[in-house]
Amino acid sequence: MALWVDKYRPIDSKKLDYHREDAEKLRGLAQSDDFPHLLVFGPSGAGKQTRINCLLADMFGSGVQRMRIHYITFNTPSNKKMEITTVASSYHIEVNPSDAGIYDRLVVMEVLKSIAAFRTPDDTAKKPFKVVVLTEVDKLTKDAQQALRRTMEKYSGSCRLILCSNSVSKVIPAIRSRCLNIRVPAPTEEDITRIVMNVCREERVTMPADLAKKIAKQSERNLRRAILMAEATKVKQYPFPPGANPVVADWEIYLTKTAEVIIAKQDAEQLREVRNRLYELLIHCIPATMIMSGLLRELLKNCDNQLKCQVIAAAAEYEHRLQLGSKAIYHLEAFIAKFMSLYKRYVDNMMDF
Amino acid sequence: MQSALEDISVEDLVYNDDDDFTSRLSKKRKKFHDPKDIASNSRLSLAAFLENNDSDFPLRIAPPRTIPKASFTVSSSDVLKDPLAYAHVPKPTDDRPEDDDLEITEFNQPTQSAEKRVDKPPSHERLPDFPEDVRNDFPDMSIRERTSPLFRKGIPSPLPEIPAPPTPATIPVRSFTEDVPNIRRENLTNTFNEIERIQVFRRQPKSDHISVDSDGQKLYLRFKKKNWQKLEHASFADANVRHTSSQASFHAFRILLDDVRNQMDVDRQIPKDYTPTLPVNTAFEARDVWVEKYRPNRYLELLSDEGVNRALLHWLKLWDPVVFNREPSFMNPYNNFGKRKKKDDKPQFDRRKYGGVSDIFFTVDADKRPKFKAALLCGPPGLGKTTLAQVIARHAGYEPMEMNASDDRTIEIFRNRVESSVMNGNVVSMLQDGKVNRPKCLIIDEIDGAPANTVEYLVKLLKGEARTNPAKKKTKTKLGLWRPIICICNDMYVPALKSLRQSTMVLRFPSIDRSRLVSRLSDICRGMEVQADSSVLTTLCEKSEDDIRTCLNSLQFASVQGKRLNIQEISKATMGCKDNRKQLLKVWETIFRLPRPKPTEFSSTSATDRIGHILQTVQLGETDKIMSGVFENFLIVHHKDSSLHTASECANWRAYTDVMERGIYEDQNWSLLSYLPFYAVAVHLHLGALSTPLFSFPTTHFEAYKRTSQNKETIAALLKDLAPSLYSSVKRQLPETELLPFLVHIIQPPLKSTSLHLSNHERSELKRVVDLMVTYGLTYREERTVTSFHRELLDPQLESIASFPNVQQCPAMQTAVRAMVSREVQLQLINVNARKEDSSTEELADIVQEPVTKPVVKPNEPPGGKNTSKLQVWSVYDYFRGQNPSQTPKPAAADQRTKIWFRYKEGYSNAVCRDIKVKDLM
């Protein structure tokens, strides 16, 4: 028994629901004898991994779905033993090097080397190489990316890489140029509405069209979130009453409330409370960039155009610093303090007029 | 003849400096003197000195080595303050040298005549204040008030304005007396004994007096008329003493001084612990070092905080019943030294009087020993901790036995020393045939540097768990700790001392009162002929942060140059400047506090100086902690501008330093390190205020970090048990933000608590939930809180990730429902496991004993799941009735492999009760 998200995930590229043209091209690629390294990128919930899996299935057949968990151990230079978990079939291996933190460079080299050492045992394999899927490439350190660019070429005889990442901006150009870049854009809201309705029909759940639209809107064009949301909403209240609202993740509500707190009052004490709320969000492993963008979106609702410019400029500055720095709380709070200062001055000016 | 001060004891003078006493004293004076004539504050007159051996005031005279110049110091405070209290004795006719230098420095010793002293064994000389002092050792009044006039009195005052008299070579006075046989010494002495009071004046008094000439300065000594006549009657051969206006060449005094000198010779023959009021350790070899020379020897000379002194002494006194077999002078430990008269008056313990020490430290155990058998003095160096311990131990009648870092402190040596000193439980009688066998008090100095096992041993000893050395088994006395131990350390937060802290009375040394330190320093300066006014000394104290040792060393260093010390030099010089780290709270205070404008011209309040000061402060400390402390506290302080501009700037600075920190720690770019303290500077310039709130230690960040890593571990735990196909999909699904918040909702449908009344729809929901939970490896874990409140928590604890405080979208399932789901999940797990084990066999016979109330999940409605179709649950009934529809008839051979699962649940009463025969089971 699985969640709807997993249950209705297409495993055949013919059954992909949207971006049909791209899917066709990928299928063509899989049918050819060889294919280049791929860099698949696109926003979260757009279906990158699904497409990768479909591609693998096209290439190697259903054998790729027989996966097992592999633990790879290696020694760090400081003689510390590290273990990372990988998922592998006999044709491919899926690694998330950023699990190893600052040792991701070692992971990249170790995995590629071990794959290169053992050629595919199965002579009847359709392709003379194995595929290494590296996920979250944008989280790789610069070191690891530098290590990757050489190994990619060196071991290209025995393996192909499929890199998966949310954004290419953090992937160094050297790697980008070595790969065929495949962008997977987020599905449109119409796509999402359609898919949600389809899933519900399969589940014999009557989904009102307006609720499906609401879900699609709320999900921010993230299909995974939309389907999870639909299931959660169904569990919460079914049959759906008219005008039912989709279930929203707790942290989003918390974020919205935090924005309200910021708007309500601007002084040091309030800032202290906001700080505690920010800490709470960070404790729940919400990525700082999501907090920043979520807050900005909520805060901008209360700004006029002139103020919006300043706020967005400030947000951009602090988001940049956030990337450069290491502890998110400082940057988030600096942004909030800046916003409070701007907003307070703006409100005071309005009062004067 | 009655002495004016005869009935006022020494102790009164020393301890009872209250108003009552002063008035009593002045009344007494009025009886004898015209109030106009006497100096108002003068407590003791010359007569007090001249009344020799039988009086309450033994004459103590410092050896002449201290003052090379001739000086005759009269020890009356007012007269002393007067620079003219300086009587030069003119040359007698036979051209004898007159430069007998005397300083009368102390007179608050208990009654001990010089003659008696000679008779006594020298050992007794070492404890002149014992045991008399013990009676009075808890002064109620501020020691500072009490001691300062005495100190001043005791200071020899070489007066630079007055040139030294021509000093020919000193001829021993003894020869003088031999050479002048015509003066009947005894007569004269007696006469002076009868003179009840001689007072020294600068102006000519109205009544009878004699004048004394000293290098052009004229002083007048006043006598009562009748005494004066007696004095005249004593008929000096060539004394030029005239009535009223005549100049007196003061031979009578010379003879007296000679007497004094004799006594001094006697004193010198006795090697004894010489303690004048200004502590001067003549016994110490390294007397050139001022720090040793002026180390206090008596309780009243201590400079350290009074409350701490008192607390320590009080604690030490609690040992009296065991050590000396006597009650301490205070019967009630809380009673302030018997001051309280009323019996029914509940004694109140005033912590402030005891240096902030809680009163539990002053309780005693069953053996009448104090509950805390050791004291731990801690504080920065140079505050007089070691001195305090030594002095107090001696004061309370112990023999201090010091162990410090210079000793070998391995556990064997330590144990031996401890056993020989403090583990002897015999009560010591203090006076055994005049010889005192004093109990030992172990002082363990610098214990923060001691090896850990030594400290452990000490802790065990304090707790009464320590074993004695097995070699020595003959100890027939009571084992355990029978003598006080005083430990001294600088840093009480050394990890090795952690256990020690809990079993000792911890006394933190506050910094020394600066005015007292300055006055002491100025006394010493006067004694050592260094010219330094109090502002110089204050500056010095400031620089050294009231470190006595540093102050004295710096002074001595300065004195070598022989110049007059001035403020500029002191404040510019690097000497006396301590480079130590400040405590974190102090650092934060420095950052958030504006420097107070100082009256002096050397105040450093310009922005540049402030920046420099802050940089210096921050750079010396642990930058990391300082910064996080500033960040955590900068929103607490007062913000002057309403638009939060300053706060925004400060936060901006913090973000900026964070970027730099990453450069430092990740890219190893250490040259950036020197820019970090500018954050503190920026905060200081933005938010510096005159008053600061109470700072809190920065814990939030660490707590957040802890909880974050906990949550990450939870996710890791969740991922660990997943099937491979699920693993990669869950991993990709950003569990924190997307999967888990919804998963928590999905597995908690609104269900009724009693499963018997579940509708079909609800049953299918339950089935779905159970399947999901099994798939994702979730269970509910029973947890009983302290209040025996029963809870069922998700395991792994996804709720701590997915749920936020005050965000209640859907009410969590009730405990009963969760318990029900939990049972179902366990059941399912057992089934799955059993199937795995028997997966190859054709036979599946799981017998699960289950409670009657358990809803029977029918296998006939698998809601669409692929893998769930394989999962089948049979209830006990079905099996026993043989009604399981899907079960094939068993072959006999398979019976051997039949497994019976029995789950025993404690406290669960509604188990199946049914008569079964064994053959039914076979």
Side-chain angles (χ1 to χ4, degrees), chain A residues 1-3 5-6 9 44-45 49 65 67-69 85 87 94 96 135 203 222 224-225 228-229 231-232 235-236 247-251 253-254 257 266-269 271-272 275 279-280 282-287 290 318 321 324-327 329-331 333-334 337-338 340-341 344-345 348, chain B residues 631 635-636 639 642-645 647-648 651-652 654-656 658-659 661-662 665-666 700-701 704 707-708 711-712 715 719 724-729 731-734 736-739 741-743 745-746 748-750 765 768 771-772 775 801-807 809-810 864-865 867-868:
Chain A
M1 167 91 190
L3 294 174
V5 204
D6 296 322
R9 185 190 304 282
S44 170
Q49 199 73 40
Q65 275 142 28
M67 289 190 284
R68 61 194 177 274
I69 287 184
T85 315
V87 178
E94 202 179 308
N96 186 353
T135 52
E203 281 287 324
N222 183 334
R224 183 191 315 133
R225 198 188 283 180
L228 279 167
M229 206 182 275
E231 187 172 4
V235 167
K236 193 183 165 196
V247 170
V248 183
D250 275 7
W251 65 270
I253 297 173
Y254 197 76
K257 281 190 181 166
Q266 292 86 31
D267 59 11
E269 204 179 325
L271 187 54
R272 219 159 62 227
R275 175 194 289 179
Y279 264 127
E280 195 66 37
L282 289 172
I283 286 167
H284 285 75
C285 304
I286 311 295
M290 290 182 84
Y318 287 107
R321 290 243 191 106
L324 296 177
S326 52
K327 286 177 183 154
I329 183 74
Y330 302 138
H331 306 278
E333 184 177 285
K338 183 81 183 169
M340 277 187 167
S341 170
K344 179 93 177 173
R345 210 175 296 159
D348 287 350
Chain B
F631 175 71
L635 289 177
I636 299 176
H639 288 255
S642 60
S643 70
L644 273 179
H645 177 69
S648 159
N652 196 3
R654 187 65 188 98
Y656 176 60
D658 179 57
V659 174
E661 269 174 4
R662 175 155 171 195
Y665 297 122
E666 273 185 29
T700 325
H701 201 90
R707 285 178 59 195
T708 312
N711 282 344
K712 281 186 179 156
I715 291 173
L719 284 171
S725 57
L726 213 55
Y727 175 86
S728 64
S729 88
K731 182 90 187 156
R732 285 194 302 263
Q733 275 169 2
L734 300 175
E736 307 90 355
T737 50
E738 293 184 9
L739 175 65
F742 295 111
L743 184 64
H745 284 290
I746 289 170
Q748 296 191 76
E765 277 290 286
R768 187 188 58 83
D771 283 346
L772 256 184
T775 315
I801 302 169
S803 318
F804 279 83
N806 304 323
V807 179
Q809 268 192 313
C810 66
N867 47 358
T868 50

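Both backbone and side-chain heavy atoms feed into the values below; hydrogens, waters and symmetry mates do not. A, B, ... follow the sequence lines: proteins, then strands. Residue 1 opens every chain.
No side-chain heavy atom of B/S648 sits under 4.5 Å from any side-chain heavy atom of A/M340. Side-chain contact between B/I746 and A/L3 is present, with heavy atoms from C-beta onward closer than 4.5 Å. Residues A/V247 and B/H745 are in side-chain contact: their nearest non-hydrogen atoms beyond the backbone lie under 4.5 Å apart. Looking only at side-chain heavy atoms (C-beta outward), A/V235 and B/P749 come within less than 4.5 Å of each other. Counting heavy atoms from C-beta outward, A/R321 and B/N652 have side chains that approach closer than 4.5 Å.
Within the cation-pi definition used here (under 6.0 Å to the ring centroid, within 45° of the axis), A/R275 qualifies as a partner of B/F631.
For A/L282, the part lying near chain B is the backbone, with the side chain staying farther off; criterion is any non-hydrogen pair under 4.5 Å. Both the backbone and the side chain of B/Y656 come within contact range of chain A, each with at least one heavy atom under 4.5 Å from a heavy atom of that chain.
Contacts with chain B were tallied for A/L271, A/D348, A/N96; A/L271 has the most, counting heavy-atom pairs under 4.5 Å. Note: A/K327 leads A/R345, A/R68, A/K327, A/M67 in heavy-atom pairs under 4.5 Å with chain B.
A/R272 pairs by the side chain to side chain contact (heavy atoms under 4.5 Å, CB included) definition with A/E269, B/L635, B/I636, not counting sequence neighbours. Evaluation of the side chain to side chain contact (heavy atoms under 4.5 Å, CB included) rule for A/Y254 yields A/T258, A/R277, A/E280, A/L281, B/F804, B/P805, B/V807 as partners, not counting sequence neighbours.
When all heavy atoms are compared, the tightest approach of A/I283 to B/N711 is O-ND2, 2.8 Å. Summarising the geometry of B/D658 relative to A/G325, their closest heavy-atom pair is OD2-CA, 3.4 Å, with the distance given to 0.1 Å.
In this pair, A/Y330 and B/H701 present their aromatic rings parallel. The plane angle is below 30°, not in the 30 to 60° band.
The NZ atom of A/K236 sits 12.5 Å away from the CD atom of B/Q748 when rounded to the nearest 0.5 Å.
Judged by distance alone, with hydrogens and angles left aside, the side-chain atoms of B/R662 form a donor-acceptor pair with the main-chain N or O of A/L324 at under 3.5 Å.
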